[in-house]
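Each ligand, and each atom within it, is numbered from 1 in the order the structure gives. Owing to the predicted nature of the structure, the values given are computational and were not obtained by experimental measurement. Numbers here are sequence positions counted from 1.
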Amino acid sequence: MPKDKVAENVAHRGGRFWAPENTLVAFGKSLDIGVDGLELDVQRCASGELVVIHDELVNRTSNGVGLVETITFDELKRLDAGSWWHEEYEDAGETNYKGEKIPLLQDVLELVAGRAWINIELKNTPIEYPGIEDELIELLSDYEHRDKIIVSSFDHKLMYSLKEKNAGLSIALLADALLLNVAQLAEQIGADYWHPCFGSLRQEAVEEAHEAGLKVNAWTINSPREWTMALDWGIDGVITDNPYGYKMFLEKRTLIAEAKAKS
Ligand code: G3P
Ligand code: MG
């Protein structure tokens with residue numbers, strides 16, 4: 001990728017620096033500023049629905065207690081997934097997200113409706129959700145914007161199973177280590193994308209992935225220093241908790257480049 005190509009803006013967990021993570025309000029705010037992509041995490045609740053929440057427990061991001069797999073969606077709906085964020089992030093100003101809910105994956109798909117691509121990260125460790133890949137395939141079977149979905153998981157066995165089902169969904173190789181042979185691993189699970197941890201990445205690994213035909217979307221890149229590195233390295237997508245900050249950073253960078261070109 002040429003170095004002047006700007007890495008896409010991808011809101012990690014919907015952009016958790018400016019709204020409670022993995023909620024409809026977070027996804028909506030990021031869509032409003034025109035992000036290219038959204039990353040979200042999926043677990044399965046006791047009544048079988050795929051829900052958007054990072055942890056296997058509801059404790060950290062709601063006023064409830066317990067494992068997602070033991071709570072029905074009727075019960076999950078009654079939890080407040082917004083107040084904790086306001087309490088934790090004191091710079092949230094007057095904004096109060098009390099009353100935000102843990103959403104269904106279906107609700108996020110409907111909200112996004114093709115306005116951005118979505119990285120659906122299936123959580124399948126340490127709690128295993130047998131058959132979750134089949135349920136995702138079924139849920140996406142009549143989704144109009146299937147071409148804007150990238151599925152990933154730290155559970156590569158799950159991704160291998162997804163590949164074997166030939167569902168026509170794009171897959172990303174998700175990993176938090178600098179891999180020995182990224183091309184080989186990606187091929188094994190049928191991935192066209194590599195989603196590495198930025199803290200375990202180096203420029204030559206990005207180049208190696210590009211040579212193998214992979215696109216590289218790295219997480220979680222939150223500071224101007226790291227955004228500059230990501231752009232210098234030719235990373236394709238910046239998965240960030242701060243999509244608004246990254247957008248402002250890019251705009252400022254463009255203004256500086258234009259001013260330099262004129263002088
Ligand atoms: O999918 C990228 C990133 O979200 C992986 O880590 O723990 O934030 O889901 P985590
Ligand atoms: Mg994630």
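In plain terms, the two heavy atoms of K123 and F154 that are nearest each other are NZ-CE1, 4.1 Å. Summarising the geometry of K101 relative to K77, their closest heavy-atom pair is CD-O, 3.1 Å, with the distance given to 0.1 Å.
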Which donor-acceptor pairs under 3.5 Å do the side chains of residues 190-197 make with protein atoms, sequence neighbours left out?
unit_1	atom_1	unit_2	atom_2	d
H195	ND1	N119	OD1	3.4
H195	NE2	N217	ND2	2.9

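Polar contact check, H12 against ligand 1: a nitrogen or oxygen pair lies under 3.5 Å apart.
Near H54, with a cut-off below 4.0 Å to any heavy atom, the atoms of ligand 1 are 7 (O), 8 (O), 9 (O), 10 (P). With ligand atoms numbered from 1 in the order given, ligand 1 contributes 5 (C), 6 (O) to contacts under 4.0 Å with heavy atoms of F154. Less than 4.0 angstrom separates some heavy atom of K123 from each of these atoms of ligand 1: 7 (O), 9 (O), 10 (P).
In the model, Q43 has a side-chain atom that pairs as donor or acceptor with a side-chain atom of Y129 under 3.5 Å.
Heavy-atom distances between D41 and ligand 1 reach below 4.0 Å in at least one pair.
More than 12 heavy atoms of other residues, nucleotides or ligands lie within 6.0 Å of CD in E69, so this atom counts as buried by the packing criterion.
Looking at E39, H195, E21 and measuring to atom 2 (C) of ligand 1, the nearest heavy atom belongs to E39.
Of all the heavy atoms of D176, none lies under 4.0 Å from any atom of ligand 1, so neither backbone nor side chain is involved.
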Test salt bridge (Lys or Arg N to Asp or Glu O under 4.0 Å) applied to K262 and E258, step by step: CA-CA 6 Å; K262 272 188 205 153; E258 284 172 359; 5.8 Å; no
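Within the protein, the N, O or S atoms lying under 2.8 Å from the Mg ion (ligand 2) are E39 OE2, D41 OD1, E121 OE1.
Note: Y97 and W85 have perpendicular aromatic rings, judged against thresholds of 30 and 60 degrees for the angle between ring planes. The aromatic rings of H145 and Y143 sit perpendicular to each other, their planes meeting at more than 60°, with 30° as the lower class boundary.
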